Undergrad: 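Starting off with a structure, shown below.
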Amino acid sequence: MNTLTDITTLRINGERLWQSLMDLARVGATAKGGVCRLALSELDRQGRDLVTAWAREAGMSVTVDRIGNVFMRRPGRNQALPPVMTGSHIDTQPTGGKFDGNYGVLAGLEVVRTLNDHGIETEAPIEVVFWTNEEGSRFVPVMMGSGVFAGAFTLEQAYAATDTTGTSVREALERIGYIGAEVPGQHPIGAYFEAHIEQGPVLEDANVTIGVVQGVLGIRWFDCTVTGMEAHAGPTPMALRRDAMQVAAALMQEVVASALRHGPDGRGTVGMVQVFPNSRNVIPGQVKFSIDLRNSSDALVEQQVAEVRACAERLSAQTGLPVAIEAVSSYPAQPFHPDCVAAVARAAQRLGYSHMPVVSGAGHDAVYAARLAPAGMIFIPCKDGISHNEIEDAQPGHVSAGANVLLQVMLERAGVMG
Ligand SMILES: [Zn+2]
């Protein structure tokens, strides 16, 4: 089997992949059917040991870098070529599921096992990676391992992060024995693909099997404070009030309205509100709230920002109440490489799976990998779009389909022709 035509008939072993997902999910299994395997915990060590043991059984070599990212390598015919890489993360949220992250890593392992079954050599090496602390639940920031790898922040910054008990990332890495010798980032990547559950409701709603991920939304976070004056809710006539809540509520409406004007990928959310003094019969003197704006391009999300700011100025001028909007953090939009996006769509088409373009509203390790190499992602539906929850679920047929697409794009990229 050494032509591209033959390759298109190849399929992964869906039962074996499903079994591996269930076996890994036993490490840190929760009573409600989920998984709690926090980054760099003893359970994370057990999960890491299990996955690397499987990789060695599949004939792969294993290297670890200084932030604990683990690279599992299947050699290619031409070892000088940079590897075609796939993977994700195996740490979970405290009330996490079996699929988030784990799916991408084990789908990669299943690709290698399938190539072994059929004795297929690739031109470029193939690597499966699991990145340290993607979830950011025990240690902040999120996507720590891939972030250090891509130079988004330094190894020292990551090492210094502590959990609620004061244990640092460095101590935790040492404790579980996963501080490697390799300098993060000094590891070439030819291309990067990540398979992941969608973690949203779009694919299920459209009854589509494969999401061809175009990119990850840009994010802007702000804290907003509207200052008025507390006064008695009864004796103070409407015309003589300085009601911070009325201004805040109007601005919150604009957060949503602006996102709707810049659809289909515009998002606007007010998730956190603090009212002072928060008393039934007192006109609010101050309201603080969060603003979360997202869109598929930085230009679009900046338009939302400009509109929200303009609305704040207008409201402030009309009412005389100060409105302060303070930037908290900003993540650029990350479009994926056109070649990788096209490859995912082509593979889904070839395999006869329904597919559609989607965007990712959540961050993924692929965002940082995309700064270093052409990258793309494959989404599969998850039940009711729910993730970061113990009831997170996916259908075996979808799990297999995503891995089959991954197999095709990996082979296409790594090259199988002699
Ligand atoms: Zn994930």
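Whatever order the structure lists them in is the order used to number ligands and atoms, beginning at 1. When reading the values below, keep in mind they use all heavy atoms of this one structure, side chains included, and skip hydrogens, waters and symmetry mates. All values derive from a computational prediction rather than experimental measurement.
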Undergrad: Picking from R309, R314, R261, what satisfies salt bridge (Lys or Arg N to Asp or Glu O under 4.0 Å) with E254?
TA: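 Of the listed residues R309, R314, R261, the salt bridge (Lys or Arg N to Asp or Glu O under 4.0 Å) partner of E254 is R261.
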Undergrad: Is it true that some N/O/S atom of D100, main chain or side chain, lies under 2.8 Å from the Zn ion (ligand 1)?
TA: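 Yes - counting backbone and side chain alike, D100 has an N, O or S atom under 2.8 Å.
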Undergrad: Test Y178 against F130 for ring pair (Phe, Tyr, Trp, His ring centres under 6.0 Å), laying out the working first.
TA: CA-CA 12 Å; Y178 272 89; F130 56 83; 7.1 Å; no
Undergrad: Could you pull out the atom name of the N/O/S atom in H89 that is nearest the Zn ion (ligand 1)?
TA: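 Checking each N, O and S atom of H89, the shortest distance to the Zn ion (ligand 1) belongs to NE2.
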Undergrad: Run the numbers on H196 and D100 for side-chain contact (heavy atoms from CB on, under 4.5 Å), then give the verdict.
TA: CA-CA 7 Å; H196 208 284; D100 179 2; 3.0 Å; yes
Undergrad: Does H364 bring an N, O or S atom to under 2.8 Å of the Zn ion (ligand 1)?
TA: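 So H364 does not count as coordinating the Zn ion (ligand 1).
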Undergrad: Check the side chains of D365 and H89 for a donor-acceptor pair under 3.5 angstrom, ignoring hydrogens and angles.
TA: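 H89 vs D365: no donor-acceptor pair found between side chains.
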